[in-house]
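The model shown is predicted, which means the values in this text are computed figures rather than measured ones. Side chains are part of it too, since the values below use all heavy atoms of this structure and drop only hydrogens, waters and symmetry mates.
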Amino acid sequence: MVHCLSPRASQDYLELTIESKNLGVVGQIPFLERLSVLTAVGSPGAAIVYAQAVLEHAQWVGGPPLLGGGVLCSPLSSKLSFPGRAGCVFEVLEGKLAPWVIRTADEDIFPSIPSARHKENSAERLDVFLGWSYCGSQQSGRLDLPLLVALWNDEKFRGVVAEALQYCGDRHHRYRWRLLA
């Protein structure tokens, strides 16, 4: 079964990945990992061609992303809210993504862009580009591929990611991000 981002979601994923790199939010290796995920789940088109070209010429030994399979998810039932200082908040209303709350504004010392935290355990966070979940600084799991695809196919979610990057650029424009690579 093919798990594929919509053409618009593929293009947005690429543009938001490039914006993250340009803002200095991610280093070269996470940038390349995101492009690798895009080549695995994106719709054929310019975004995939670009990602493949960058990966082909990169000094990188990464392989295809190891993402879980499973049944294809139906479109998400989601909502947006605007609770004041927290910026925009995106929530999935049911299913395996329901425990996660994604915010545009993260006032943490080391902010995630966007901030995706577990409702019941605020120490647990989610990298929405790669699907990895972390408890503290340790990887604790990974979203199945169909869930990651469903998330990125949600137009409201992509808007929240774009707004989070805009917030980061406006609010933290002098911040020097600690990058691993």
Side-chain angles (χ1 to χ4, degrees), residues 4-60 62 64-65 67 76 78 80 82 85-92 97 100-117 125-134 142-143 145 147-181:
C4 201
L5 294 176
S6 70
R8 183 70 242 168
S10 297
Q11 189 63 37
D12 287 350
Y13 186 100
L14 175 64
E15 290 172 7
L16 293 166
T17 294
I18 291 170
E19 182 68 15
S20 296
K21 178 78 166 86
N22 290 343
L23 284 172
V25 173
V26 297
Q28 185 69 7
I29 291 173
F31 173 72
L32 295 173
E33 287 175 335
R34 290 179 181 187
L35 293 181
S36 182
V37 167
L38 178 60
T39 62
V41 300
S43 292
I48 300 301
V49 171
Y50 175 87
Q52 288 172 334
V54 170
L55 290 170
E56 185 176 306
H57 294 94
Q59 296 292 324
W60 185 57
L67 297 168
L76 298 178
S78 62
L80 289 177
F82 302 90
R85 292 184 53 214
C88 180
V89 175
F90 174 87
E91 292 180 78
V92 176
L97 288 170
W100 297 98
V101 176
I102 301 162
R103 292 182 168 80
T104 56
D106 185 3
E107 296 303 328
D108 195 346
I109 295 170
F110 302 110
S112 302
I113 312 298
S115 174
R117 302 267 181 187
R125 57 191 173 79
L126 177 67
D127 176 334
V128 299
F129 282 89
L130 301 177
W132 287 109
S133 59
Y134 298 86
R142 196 163 196 186
L143 288 180
L145 178 59
L147 292 174
L148 189 63
V149 168
L151 190 60
W152 276 94
N153 276 334
D154 189 293
E155 190 173 344
K156 290 180 279 192
F157 167 76
R158 296 193 314 269
V160 167
V161 175
E163 189 173 320
L165 286 169
Q166 179 68 44
Y167 176 86
C168 165
D170 292 346
R171 176 87 176 193
H172 303 290
H173 62 278
R174 292 192 176 137
Y175 186 79
R176 295 206 30 98
W177 296 91
R178 291 182 2 171
L179 303 177
L180 298 176

Peer 1: Between L5 and D12, is any pair of side-chain heavy atoms under 4.5 Å apart?
Peer 2: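 Not in contact.
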
Peer 1: Could you pull out the closest heavy-atom pair between G42 and I48, with the gap in Å?
Peer 2: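 Looking at all heavy atoms of both residues, the closest pair is CA-CD1, 3.6 Å.
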
Peer 1: Would you say Y134 and D127 make side-chain contact, with heavy atoms under 4.5 Å?
Peer 2: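 When only atoms from C-beta onward are counted, D127 and Y134 do touch, with a gap below 4.5 Å.
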
Peer 1: Any side-chain heavy-atom pair from R34 and K21 closer than 4.5 angstrom?
Peer 2: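 No, their side chains stay 4.5 Å or more apart.
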
Peer 1: Ignoring hydrogens and angles, tell me if any N or O in the side chain of S20 forms a donor-acceptor pair with the backbone of L16 under 3.5 Å.
Peer 2: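 Yes: the side chain of S20 pairs with the backbone of L16.
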
Peer 1: Working to the nearest 0.5 angstrom, can you tell me the gap between R142 CZ and L126 CG?
Peer 2: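 That separation rounds to 10.5 Å.
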
Peer 1: Check V26 against P30 and note the closest heavy-atom contact, atom names and distance.
Peer 2: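 What the structure gives for the nearest pair is CB-CB, 4.0 Å.
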
Peer 1: Taking the side chain as every heavy atom from C-beta outward, state whether F31 and V54 have any atom pair closer than 4.5 Å.
Peer 2: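 Yes, their side chains come closer than 4.5 Å.
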
Peer 1: So how far is it from L55 CG to E33 CD, rounded to the nearest 0.5 Å?
Peer 2: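 It comes to 10.5 Å.
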
Peer 1: How many angstroms lie between CD1 in I18 and CG in L35, if you round to the nearest 0.5 Å?
Peer 2: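 Separation between the atoms: 7.0 Å.
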
Peer 1: Working to the nearest 0.5 angstrom, can you tell me the gap between L165 CG and E15 CD?
Peer 2: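 Rounded to the nearest 0.5 Å, the CG-CD separation comes to 11.5 Å.
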
Peer 1: If I take atom CD from residue Q52 and atom CG from residue L38, how far apart are they, to the nearest 0.5 angstrom?
Peer 2: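 Taking CD in Q52 and CG in L38, the distance rounds to 9.0 Å.
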
Peer 1: May I ask you to decide if P114's main-chain N or O and R103's side chain share a donor-acceptor pair within less than 3.5 Å?
Peer 2: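 Between the backbone of P114 and the side chain of R103 there is no qualifying donor-acceptor contact (under 3.5 Å).
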
Peer 1: Would you name the heavy atoms of C4 and V149 that are closest together and state the gap between them?
Peer 2: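 Looking at all heavy atoms of both residues, the closest pair is O-CG1, 3.5 Å.
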
Peer 1: Drop me the distance from T17's OG1 to L130's CG, to the nearest 0.5 angstrom.
Peer 2: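 So the OG1 of T17 and the CG of L130 are separated by 8.5 Å.
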
Peer 1: Give a yes or no on whether the backbone of S43 and the side-chain of S10 come within a donor-acceptor separation of less than 3.5 Å.
Peer 2: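 Yes: the side chain of S10 pairs with the backbone of S43.
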
Peer 1: Can you tell if the side chain of V101 reaches within under 4.5 Å of the side chain of R117, non-hydrogen atoms only?
Peer 2: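 Answer no - side chains too far apart.
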
Peer 1: Check whether any side-chain N or O of W152 sits under 3.5 Å from a backbone N or O of V128 as a donor-acceptor pair, and report yes or no.
Peer 2: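 Yes, W152 side chain to V128 backbone: donor-acceptor pair under 3.5 Å.
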
Peer 1: Can you check whether F129's main-chain N or O pairs, donor with acceptor, with Y13's side chain at less than 3.5 Å?
Peer 2: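 At least one qualifying donor-acceptor pair exists.
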
